[in-house]
There are 2 protein chains.
Amino acid sequence: MSRVLIVEDEERIASFVRKGLTASGFTATVVGTGSEAVDYAVTGGFDLMLLDLGLPDTDGFDVLRRVRALGVDIPVVILTARDGVRDTVTGLETGADDYVTKPFRFEELLARVRLRMRTERPGALTVLEAGGLSLDLRTRRVAVDGTATDLTAREFALLELLMRHPGQVLTRQQMLSHVWGYDHDPGSNVVDVFVRTLRRKVGQERITTVRGMGYRLDG
Amino acid sequence: MSRVLIVEDEERIASFVRKGLTASGFTATVVGTGSEAVDYAVTGGFDLMLLDLGLPDTDGFDVLRRVRALGVDIPVVILTARDGVRDTVTGLETGADDYVTKPFRFEELLARVRLRMRTERPGALTVLEAGGLSLDLRTRRVAVDGTATDLTAREFALLELLMRHPGQVLTRQQMLSHVWGYDHDPGSNVVDVFVRTLRRKVGQERITTVRGMGYRLDG
DNA sequence: TGCGAAGATGAAGGAAGCCTCATCCTCGTT
DNA sequence: AACGAGGATGAGGCTTCCTTCATCTTCGCA
């Protein structure tokens with residue numbers, strides 16, 4: 001089990017990331033300050049650090065620098081504001097491995113984490129299969145009972161999420177945060193709409209509605 | 001040097017593919033009939049076969065079957081019409097490794113060829129660098145002098161092409177067929193327009209106009 | 001230096017994708 | 001059977017991207 005150290009002071013985001021990573025099979029620990037971050041990172045046992053640059057007590061770069069100076073060379077993925085583009089450069093120069101700009105969709109973050117996690121086995125999963133559906137993550141192609149079909153980016157992301165949890169009910173909220181991001185309007189019915197178009201494209205019967213709960217892809 | 005066997009009877013497409021592959025560092029041989037295809041494939045020396053399904057003398061599947069039956073297990077990438085979706089399934093079942101639907105852009109084909117070519121070294125090139133520009137093919141991110149910038153899909157494809165040939169003049173025709181596809185209107189000035197927006201985003205001075213010839217990215 | 005071809009540029013049309021909203025339908029409960 | 005909440009659906013608006021077109025500018029040669 002891979003362990004991720006989340007360095008983030010904003011409660012909402014920290015929780016969003018922690019829940020998501022946990023659900024994806026990682027063990028996640030959250031710390032909210034720079035000094036804690038250095039402590040935890042050095043104490044060890046983590047396979048990757050997610051580092052928010054906007055910490056209250058310290059400059060995020062400083063954390064990164066100190067961690068590196070102490071000889072810890074786990075992969076570090078930086079979380080930064082969309083407009084702080086300059087930061088990412090400094091970050092990468094300072095020794096970060098990748099960055100994700102806020103606001104981000106969870107899947108985006110997850111992709112980075114998986115990509116940079118050095119313990120990731122090389123022959124990673126690239127094709128998802130479930131109930132006659134086949135989804136190639138590398139080529140982004142989808143087949144329904146062997147027949148190719150076209151999905152838009154959002155549709156693909158949603159179907160991927162469903163296919164990563166076949167037979168399991170996912171709530172609208174889960175889908176919203178995974179596919180649309182943590183700051184998306186919770187009152188929206190986007191999910192419903194996209195489930196509809198997905199049903200049209202991959203077959204009505206494959207996605208079951210669980211009233212009051214959410215949707216389930218039948219594997 | 002990797003060798004590609006192109007099985008295609010349409011002169012225009014065969015030429016388009018051959019030129020492109022040659023320019024990309026492959027050695028390409030074209031044959032126009034199924035029986036030739038089997039001959040050449042079996043005679044050996046090829047690292048990959050590009051197989052058009054619409055051959056005059058034989059069914060493309062038959063070629064594939066015979067080649068496989070004769071113990072040749074080089075990667076085979078099928079070329080098929082957009083609507084012959086059913087074909088791709090049969091193709092994959094019959095032993096093809098991938099497929100590209102017509103009409104295709106050359107870059108699309110190239111990506112498949114590179115992907116399926118088994119001799120491809122594992123630590124393949126994922127970041128192109130030239131003259132202060134850095135282009136990450138895997139994450140699709142671009143940096144200009146270290147500052148991240150956003151490119152659309154077309155812009156990215158065009159810049160990628162230019163960066164694969166730094167310091168070298170590319171004609172509009174070359175860019176058209178690589179980025180837009182072989183059946184694109186040759187009288188269009190799309191390339192000009194995209195060069196303009198690229199210049200805006202990555203810096204006017206990086207792309208030089210060579211009057212009467214085309215454009216060059218200065219490395 | 002002037003002319004014509006080649007290139008640069010701005011604007012606008014059109015398509016695709018994304019999302020919201022209003023309305024209609026259906027299920028489960030009373 | 002009727003009602004209300006939850007879900008399904010269609011239409012429309014907004015945005016982004018792609019492409020074309022018309023016009024202006026620049027280059028190189030006569």
Side-chain angles (χ1 to χ4, degrees), chain A residues 82 103 105 107-108 140 142 149-162 169-217, chain B residues 82 103 105 107-108 140 142 149-162 169-217:
Chain A
R82 186 76 192 87
R105 295 168 295 115
E107 294 302 317
E108 204 178 312
R140 304 241 116 202
V142 185
T149 187
D150 284 326
L151 297 186
T152 69
R154 279 276 201 262
E155 290 161 7
F156 191 96
L158 180 56
L159 182 57
E160 178 182 346
L161 179 62
L162 287 166
V169 176
L170 297 177
T171 66
R172 284 177 177 70
Q173 189 48 55
Q174 285 177 310
M175 301 189 213
L176 261 185
S177 59
H178 275 255
V179 177
W180 280 266
Y182 55 84
D183 65 347
H184 199 88
D185 173 23
S188 162
N189 76 330
V190 227
V191 173
D192 297 55
V193 174
F194 272 80
V195 163
R196 169 160 170 72
T197 66
L198 264 190
R199 277 176 169 158
R200 278 187 178 158
K201 292 189 177 182
V202 307
Q204 182 80 22
E205 69 288 357
R206 289 198 167 80
I207 303 176
T208 305
T209 303
V210 182
R211 218 181 160 77
M213 298 293 295
Y215 297 97
R216 168 165 42 83
L217 182 91
Chain B
R82 186 76 193 87
R105 295 169 294 114
E107 295 301 319
E108 204 177 311
R140 302 244 116 199
V142 184
T149 188
D150 285 326
L151 297 187
T152 68
R154 279 276 201 264
E155 289 161 7
F156 191 96
L158 181 56
L159 183 56
E160 179 182 345
L161 179 63
L162 287 166
V169 177
L170 297 177
T171 66
R172 284 177 177 71
Q173 189 46 56
Q174 284 178 311
M175 301 188 213
L176 261 184
S177 59
H178 276 254
V179 177
W180 279 266
Y182 57 85
D183 65 347
H184 199 88
D185 172 24
S188 162
N189 77 331
V190 227
V191 173
D192 297 57
V193 175
F194 273 80
V195 164
R196 168 162 170 72
T197 66
L198 264 189
R199 277 176 170 158
R200 276 185 179 157
K201 292 189 176 179
V202 308
Q204 181 81 23
E205 69 289 357
R206 289 198 168 79
I207 302 177
T208 305
T209 302
V210 181
R211 214 181 164 78
M213 297 293 296
Y215 297 98
R216 167 165 41 82
L217 182 90

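Chain A is the first sequence line, chain B the second, and so forth, proteins listed ahead of strands; every chain is numbered from 1.
- Distance, A:Phe156 CZ to C:dG17 C1': 17 Å, rounded to whole Å.
- One interatomic measurement links the two molecules: CG of A:Leu176 to C1' of C:dC18, which rounds to 14 Å at whole-angstrom precision.
- Using a 4.0 Å cut-off, no side-chain N or O of A:Thr209 falls inside it from OP1 or OP2 of D:dG6.
- One interatomic measurement links the two molecules: CG of A:Leu198 to P of C:dC19, which rounds to 13 Å at whole-angstrom precision.
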In the 5'-to-3' direction, what one-character label does each nucleotide of nucleotides 14-23 of chain D receive under the scheme B = base within less than 4.0 Å of a protein heavy atom, S = sugar-phosphate only, - = no such atom? ---SSBBBB-
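- Residues meeting the side-chain hydrogen bond (donor to acceptor under 3.5 Å, both in side chains) test with B:Thr209, sequence neighbours left out: B:Arg199.
- Partners of A:Thr197 according to the side-chain hydrogen bond (donor to acceptor under 3.5 Å, both in side chains) rule, which considers only residues two or more places apart in sequence or in another chain, do not exist here.
- For A:Arg206, the salt bridge (Lys or Arg N to Asp or Glu O under 4.0 Å) partners two or more places apart in sequence, or in a different chain, are A:Asp145.
- A:Glu155 meets the salt bridge (Lys or Arg N to Asp or Glu O under 4.0 Å) test with A:Lys201; sequence neighbours excluded.
- Contact annotation: B:Tyr215 reaches the phosphate of C:dA8 (side-chain N/O to OP1 or OP2, under 4.0 Å).
- Heavy-atom minimum distance, B:Val190 versus B:His184: CG2-NE2, 3.7 Å.
- To the nearest angstrom, P of D:dG7 lies 14 Å from CG of A:Leu170.
- In this view, A:Arg154 satisfies the salt bridge (Lys or Arg N to Asp or Glu O under 4.0 Å) rule with no residue, not counting sequence neighbours.
- Shown here are the side chain to side chain contact (heavy atoms under 4.5 Å, CB included) partners of B:Val210, two or more places apart in sequence or in another chain: B:Val169, B:Met213, B:Arg216.
- One can place CZ of A:Arg216 at 16 Å from C1' of D:dG7, the figure rounded to the nearest angstrom.
- Contact annotation: B:Arg172 side-chain N/O to C:dA6 OP1/OP2 distance is not under 4.0 Å.
- When atom types are taken as modelled, the side chain of B:Ser188 and the backbone of B:Asp185 share no donor-acceptor pair closer than 3.5 angstrom.
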Sequence-aligned protein contact record of nucleotides 23-30 of chain C, with B where the base is within under 4.0 Å of a protein heavy atom and S where only the sugar-phosphate is: ---BB---
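- Pairs passing the ring-ring contact (aromatic ring centres under 6.0 Å, His included) check and including a residue from residues 191-216 of chain B, sequence neighbours excluded, read B:Trp180-B:Phe194.
- Between the P atom of D:dG7 and the CD atom of A:Gln173 lies a distance of 14 Å, rounded to the nearest Å.
- When rounded to the nearest whole Å, the span between CD1 of A:Ile207 and C1' of D:dG7 equals 14 Å.
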